[in-house]
Amino acid sequence: MIKAQLKNTNIFREIFDKLMNHYGMQGWWPLINFNGTNPTKTCSLQGYHPGNYELPENDLQSYEIMLGAILTQNTKWKSAQKALFNLYEITRLEPQNILILREDIMKEAIRCAGFFNQKAEYLKRITEFFLKLEGSTPERKEILRVKGVGEETADSILLYAYKKPEFVVDAYTKRIFHHLGFIKENEKYRVVKKLFESNLPQAVPLFQEYHALLVEHAKRYYTKKPYQDELLTDLIPNL
DNA sequence: AACCAGGACGTGA
DNA sequence: TCACGTCATGGT
């Protein structure tokens with residue numbers, strides 16, 4: 001770190017640039033309710049919107065991101081998205097409809113996303129929370145009090161649903177930066193989070209793309225050991 | 001057939 | 001605080 005600063009370079013920015021050059025803009029967070037068009041057609045089954053940092057453009061889209069953030073916990077996005085579509089068909093993803101949705105129907109709809117018993121409850125809790133907001137932006141501490149929302153989910157909601165500059169740390173992020181020698185294995189969430197936030201400008205599009213790029217990169221190089229990250233290890237001389 | 005996926009919660013040291 | 005078991009389906 002000190003050497004990097006003396007050289008007037010920022011390794012965190014270098015890594016971002018390399019990932020961006022390699023993978024391009026990711027366009028997170030994926031939305032189903034997009035452009036007011038029929039979701040089963042536009043289907044944001046590909047639902048990405050690279051380069052559009054204005055989204056979400058209404059409260060309902062922020063709410064959809066909350067639902068997706070719960071559903072994708074320790075689960076592939078493809079599975080979470082399928083669950084989200086099932087819910088859409090039943091409720092149009094309107095909070096009131098989710099609230100009154102029968103428990104067994106809810107569970108059947110989201111079964112494909114795994115952990116459906118707890119996630120069914122979590123979805124109701126986050127819905128109650130969303131309705132109480134009445135359009136206001138929540139504080140991080142408040143979201144963390146919602147059952148089912150941990151640090152990563154809270155930061156995901158703040159960064160992608162409310163455009164707050166909170167860096168999102170997930171298992172992939174830790175895996176990559178441990179492999180590159182920046183952090184110890186099982187480093188605490190807030191330590192890793194602060195590492196990024198203290199070495200990057202607090203820009204929402206940067207944080208959004210960075211996290212998405214790390215996920216995309218990790219899916220290719222960090223799913224099975226031994227990790228062979230020929231892309232980023234070039235940036236780390238003594239490795 | 002084990003292992004992993006865009007984690008979080010509850011429990012007992 | 002911390003380490004660990006638990007939750008669960010779906011794909012390699």
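Chain A is the first sequence line, chain B the second, and so forth, proteins listed ahead of strands; every chain is numbered from 1.
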> Heavy-atom contacts under 4.0 Å between residues 204-215 of chain A and DNA chain B, which residues?
Replying inline: A:Val215
> With a non-hydrogen cut-off below 4.0 angstrom, is A:Arg125 in contact with a base, only sugar-phosphate, or nothing?
Replying inline: nothing
> Do the non-hydrogen side-chain atoms of A:Ile157 and A:Ser62 ever get within less than 4.5 Å of each other?
Replying inline: no
>> Looking at A:Glu209 and A:Phe207, would you say the former's side chain and the latter's main chain have a donor-acceptor pair under 3.5 Å?
In response: no
> How many Å lie between CG on A:Asp170 and P on B:dA5, as a whole number?
Replying inline: 10 Å
>> Using a 4.0 Å heavy-atom cut-off to protein, can you give one letter per nucleotide of nucleotides 8-13 of chain B, 5' to 3': B if the base is in contact, S if only the sugar-phosphate is, - if neither?
In response: SSS---
> Would you call A:Phe115 and A:Gln73 a side-chain contact if the rule is heavy atoms closer than 4.5 Å?
Replying inline: no
>> Rounded to whole Å, please give me the gap between CD1 in A:Ile143 and P in B:dG7.
In response: 18 Å
> Using the P atom in both, what is the distance from B:dA8 to C:dG11, to the nearest Å?
Replying inline: 24 Å
> Same hydrophobic cluster for A:Leu231 and A:Ile236, using side-chain heavy-atom links shorter than 4.5 Å among ILVMFWY?
Replying inline: yes
> What nucleic acid atoms does A:Ala113 come within less than 4.0 Å of, heavy atoms only: base, sugar-phosphate, or nothing?
Replying inline: nothing
> Could you walk me through whether A:Tyr172 and A:Lys219 pass the side-chain contact (heavy atoms from CB on, under 4.5 Å) check?
Replying inline: CA-CA 8 Å; A:Tyr172 284 149; A:Lys219 280 196 283 195; 3.7 Å; yes
> Is there side-chain contact between A:Leu232 and A:Leu180, with at least one heavy-atom pair below 4.5 Å?
Replying inline: yes
> Taking 4.0 angstrom as the limit, do A:Arg145 and A:Glu142 come out as a salt bridge?
Replying inline: no
> Do A:Glu230 and A:Tyr221 have side chains that get closer than 4.5 Å, going by heavy atoms?
Replying inline: yes
>> Taking any heavy-atom pair under 4.0 Å as a contact, classify A:Lys219: base, sugar-phosphate, or nothing.
In response: sugar-phosphate
> Roughly how far apart, to the nearest Å, are C:dG10 and B:dC9 at atom C1'?
Replying inline: 23 Å
> With side chains defined as the heavy atoms from C-beta onward, is the minimum distance between A:Ile110 and A:Leu87 less than 4.5 Å?
Replying inline: yes
> Looking at residues at least two apart in the chain, or sitting in another chain, which of them share a side-chain hydrogen bond (donor to acceptor under 3.5 Å, both in side chains) with A:Ser79?
Replying inline: none
> Does a side-chain N-to-carboxylate-O contact under 4.0 Å join A:Lys124 and A:Glu128?
Replying inline: no
> Contact class for A:Tyr172 vs. all strands (heavy atom < 4.0 Å): base, sugar-phosphate, or nothing?
Replying inline: sugar-phosphate
> Under a 4.0 Å heavy-atom cut-off, which of residues 102-111 of chain A touch DNA chain B?
Replying inline: none
> Which residue, A:Phe182, A:Tyr189, A:Tyr210, forms the ring pair (Phe, Tyr, Trp, His ring centres under 6.0 Å) with A:Phe196?
Replying inline: A:Tyr210
>> Other residues, nucleotides and ligands only: do more than 12 of their heavy atoms fall within 6.0 Å of CD on A:Glu103?
In response: no
>> Distance check, P atoms only: C:dG5 and B:dC4, in whole angstrom units.
In response: 16 Å
> Between which nucleotides of DNA chain C, 5' to 3', does chain A make heavy-atom contacts below 4.0 Å?
Replying inline: C:dC2 to C:dG10
>> Once salt bridge (Lys or Arg N to Asp or Glu O under 4.0 Å) is applied, what residue pairs with a partner in residues 176-199 of chain A remain, sequence neighbours excluded?
In response: A:Asp155-A:Lys193, A:Glu166-A:Lys193, A:Lys193-A:Glu197
